[in-house]
Participant: 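This structure is in structure tokens; I'll ask about it shortly.
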Amino acid sequence: MKFFIDTANLAQIKEAQALGILDGVTTNPSLMAKEGIKGHENILNHYRAICDIVDGDVSAEVLATDYDGMIKEGEMLAALHDQIVVKIPMTKDGIKAIKYFYDKDIRTNCTLVFSIGQALLAAKAGATYVSPFVGRLDDIASDGVELVAQIVDLYRFYGYNTEVLAASIRSTQHIIQCAEVGADVITSPLDSILGLLKHPLTDSGLAKFVEDSKKMNA
Ligand code: G3P
């Protein structure tokens with residue numbers, strides 16, 4: 001399973017990259033705005049900076065919501081760096097844009113996916129990644145992990161190449177649950193990734209080893 005970090009914060013991206021387990025980055029307009037990134041050139045420079053830090057795929061979302069605007073913006077983003085994956089919303093124009101980019105060998109991430117039907121369309125259109133939003137489904141008393149499991153099963157049944165990228169991950173437990181149902185990728189805030197490191201028996205066991213190592217040096 002690939003690990004992406006879901007942030008536009010350069011310090012956190014660097015920290016995750018330094019761990020040696022990072023496979024890519026996802027961003028969205030809310031995450032970019034949170035970092036205070038404004039204006040066309042600053043946006044492009046920020047994506048360039050992210051690509052300089054990581055080796056893997058970097059999802060950059062189009063701001064346009066109409067077909068022509070998505071095509072124009074997506075082509076510009078894709079030309080920016082070969083690590084860029086154009087992130088496109090799950091709409092009628094979005095599906096048309098994903099098919100256009102598929103025919104041009106430009107990789108896409110279909111975002112804001114909340115149903116199996118939407119995931120089916122994304123795969124049919126040739127999306128490189130599909131992003132079901134786990135946490136936002138849980139927020140409305142639905143089951144985000146269950147949707148990830150359904151999409152994984154559907155894609156395997158039909159042999160679609162689209163990778164299932166579990167997004168809107170809110171906890172370490174979400175990462176584990178998405179891994180258990182066979183997600184190809186999870187994209188997560190740094191804290192939830194770091195949570196995988198933690199176990200009280202590791203801490204107490206290490207404390208004992210450190211204590212006993214002093215006897216060995218005595
Ligand atoms: O990748 C999409 C993700 O950032 C959405 O997360 O927590 O805003 O639902 P959240």
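Indexing begins at 1, ligand by ligand and atom by atom, following the structure's order.
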Participant: With a 4.0 Å cut-off on heavy atoms, is K87 touching ligand 1?
Facilitator: yes

Participant: Counting only heavy atoms from other residues, nucleotides and ligands, does the tally under 6.0 Å from OH of Y102 exceed 12?
Facilitator: no

Participant: At a 4.0 Å threshold, what atoms of ligand 1 neighbour a non-hydrogen atom of N28?
Facilitator: 2 (C), 3 (C), 4 (O)

Participant: What protein heavy atom sits nearest atom 2 (C) of ligand 1, and how far off is it?
Facilitator: F133 CZ, 3.3 Å

Participant: Distance alone, cut at 3.5 Å: any donor-acceptor contact between the side chains of D57 and Y129?
Facilitator: yes

Participant: Only one of T187, V164, I186 passes side chain to side chain contact (heavy atoms under 4.5 Å, CB included) with C178; say which it is.
Facilitator: I186

Participant: Working to the nearest 0.5 angstrom, can you tell me the gap between K124 NZ and Y158 OH?
Facilitator: 10.0 Å

Participant: Under a 3.5 Å threshold, yes or no: a donor from one side chain and an acceptor from the other, between N109 and S59?
Facilitator: yes

Participant: Can you report which non-hydrogen protein atom sits closest to atom 6 (O) of ligand 1, along with the distance?
Facilitator: S168 CA, 3.4 Å

Participant: Nearest to atom 3 (C) of ligand 1, what protein heavy atom do you find, and at what distance?
Facilitator: D6 OD2, 3.1 Å

Participant: Can you confirm, on distance only, whether ligand 1 has an N/O atom lying under 3.5 Å from any N/O atom belonging to T187?
Facilitator: no

Participant: Pairing donors with acceptors under 3.5 angstrom, does anything connect the side chains of D52 and H81?
Facilitator: no

Participant: At less than 4.0 angstrom from any non-hydrogen atom of A167, what atoms of ligand 1 do you find?
Facilitator: 1 (O), 2 (C)

Participant: Of the side chain and backbone of I169, name the one, both, or neither that has a heavy atom under 4.0 Å from an atom of ligand 1.
Facilitator: neither

Participant: Looking at K99 and D103, does any basic side-chain N land under 4.0 Å from a carboxylate oxygen?
Facilitator: yes

Participant: Students should be able to answer this: which protein heavy-atom is nearest to atom 8 (O) of ligand 1, and at what distance?
Facilitator: R136 NH2, 2.8 Å

Participant: Among all protein heavy atoms, pick the one closest to atom 7 (O) of ligand 1 and tell me residue, atom and distance.
Facilitator: R170 NE, 2.8 Å

